[in-house]
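Note that the numbering runs from 1 along the sequence shown for the chain. Remember, it's 1-based here, ligands and their atoms both numbered in the order they're listed.
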Amino acid sequence: MTTSDHPVGIDFGGSGIKGAPVDVEQGDFTADRVRIPTPQPSKPDAVAEVFAELLTKFPDCHGPVGVTVPGVVRHGVVHSAANIDKGWLGADADALFTEATGRDVHVVNDADAAGLAEVRYGAAKGRSGLVIVTTLGTGIGSALVYDGVLVPNSELGHLEVDGHAAETRAANSVREAEDLSWEKWAKRLTKYYRELERLFSPELFVVGGGVSKKAGEFLPLLDIDTEIVPATLRNHAGAVGAALYAWEESGKG
Ligand code: BGC
């Protein structure tokens with residue numbers, strides 16, 4: 001594959017929009033990642049402009065572009081906006097970004113992108129059966145991957161546990177806001193992962209999100225039966241997974 005063919009992965013987060021070309025054979029960036037602050041408010045048009053600007057930093061790359069969005073995405077249209085500007089609801093993100101950038105853009109849920117990357121290149125590489133990748137961040141994202149195939153938009157962060165959407169009790173942002181000790185947070189996470197075990201009986205849980213670099217502090221405190229491991233692509237997973245998604249959706253994979 002030549003440089004110009006590489007897909008570009010863009011991770012659209014609450015504070016930063018980060019992107020780089022990705023070698024989909026290796027699952028790694030082929031150039032330094034560029035970060036541009038997320039416009040506030042993060043309305044679709046403003047975000048699309050940032051994507052266009054970001055792509056100009058990689059003038060030699062003409063491949064498809066994958067973009068993560070922290071919401072349900074079906075056929076390129078965003079159908080939920082729990083933690084982002086409500087202007088995303090109903091937005092045809094594929095069409096908007098394709099028009100703004102002049103590129104072949106494919107939009108995917110952020111946790112699904114991370115899940116694809118972890119299963120293809122990371123902590124769940126080579127694992128068969130059901131793998132559940134969860135991202136612990138502002139909300140809780142989830143990816144269900146069975147024998148390497150993604151079942152998109154699982155939205156298990158919104159699963160009700162003790163009468164509350166799980167992410168409102170157990171997301172990393174809640175740990176920070178309530179200044180929870182690792183022990184207290186681990187109790188909430190245990191309830192959450194036990195509920196996932198009860199419903200899905202997965203082979204493996206992978207835990208992503210920025211806090212996964214501190215996995216040693218809280219994963220050993222979880223009292224569950226299923227194997228649970230930290231993500232290995234860390235904060236690259238979203239962009240790498242988005243690029244892989246775009247590559248496959250564009251018919252190149
Ligand atoms: C959203 C998901 C997203 C997750 C992580 C949740 O609030 O509903 O779509 O994957 O946050 O960003």
Worksheet item: Among all protein non-hydrogen atoms, which one is nearest to atom 1 (C) of ligand 1, and what is the separation to 0.1 Å?
Response: E155 OE1, 3.6 Å
Contacts under 3.5 angstrom, residues 77-86 side chains, donor-acceptor by atom type, not counting sequence neighbours:
from: S80; atom 1: OG; to: V72; atom 2: N; distance (Å): 3.0
from: D85; atom 1: OD1; to: K43; atom 2: NZ; distance (Å): 3.2
from: D85; atom 1: OD1; to: G87; atom 2: N; distance (Å): 2.8
from: D85; atom 1: OD2; to: K43; atom 2: NZ; distance (Å): 3.3
from: K86; atom 1: NZ; to: A81; atom 2: O; distance (Å): 2.5
from: K86; atom 1: NZ; to: A82; atom 2: O; distance (Å): 3.4

Worksheet entry | Proximal atoms of ligand 1 relative to E167 (non-hydrogen, under 4.0 Å) | 6 (C), 7 (O), 11 (O)
Fill in: Numbering as shown, the atoms of ligand 1 that approach N109 to under 4.0 Å (heavy-atom distance)
2 (C), 3 (C), 9 (O), 10 (O)
Worksheet item: Hey, mind stepping through D11 and T68 against side-chain hydrogen bond (donor to acceptor under 3.5 Å, both in side chains) and telling me if it holds?
Response: CA-CA 5 Å; D11 192 5; T68 69; 2.9 Å; yes
Discussion item. What's the separation between atom NZ in K187 and atom CG in L189, rounded to the nearest 0.5 Å?
Written reply: 12.0 Å
Discussion item. Tell me the contacting part of P70 for ligand 1: side chain, backbone, both, or neither, using a 4.0 Å heavy-atom threshold, strictly below.
Written reply: both
Discussion item. Under the criterion ring-ring contact (aromatic ring centres under 6.0 Å, His included), I'd like the reasoning laid out for W185 against Y192: C-alpha separation, chi angles, the key distance, then a yes or no.
Written reply: CA-CA 11 Å; W185 192 43; Y192 177 56; over 10 Å; no
Worksheet entry | Residue G141 vicinity, atoms of ligand 1 by number, heavy atom under 4.0 Å | 4 (C), 5 (C), 10 (O)
Item to complete: Return a yes/no value for S142: is any of its N or O atoms, backbone included, closer than 3.5 angstrom to an N or O of ligand 1?
Response: no
Worksheet item: Would you say I140 contacts ligand 1, with heavy atoms under 4.0 Å as the rule?
Response: yes
Could you list the donor-acceptor pairs under 3.5 angstrom formed by side chains in residues 125-143, with sequence neighbours left out?
from: R127; atom 1: NH1; to: E227; atom 2: OE1; distance (Å): 3.4
from: R127; atom 1: NH2; to: E227; atom 2: OE1; distance (Å): 3.0
from: T134; atom 1: OG1; to: Y193; atom 2: OH; distance (Å): 2.7
from: T134; atom 1: OG1; to: V206; atom 2: O; distance (Å): 3.4
from: T135; atom 1: OG1; to: G141; atom 2: N; distance (Å): 3.2
from: S142; atom 1: OG; to: S154; atom 2: OG; distance (Å): 2.7
from: S142; atom 1: OG; to: E155; atom 2: N; distance (Å): 3.3
from: S142; atom 1: OG; to: L156; atom 2: N; distance (Å): 2.8

Worksheet item: Identify the closest protein heavy atom to atom 5 (C) of ligand 1: which residue and atom is it, and at what distance?
Response: D110 OD2, 3.5 Å
Discussion item. Within the 4.0 Å heavy-atom shell around H158, which atoms of ligand 1 are there?
Written reply: 1 (C), 6 (C), 7 (O), 8 (O)
Fill in: Heavy-atom gap G157 to ligand 1 smaller than 4.0 Å
no
Discussion item. For the NZ atom of K191 and the CG atom of D162, what is their distance to the nearest 0.5 Å?
Written reply: 3.5 Å
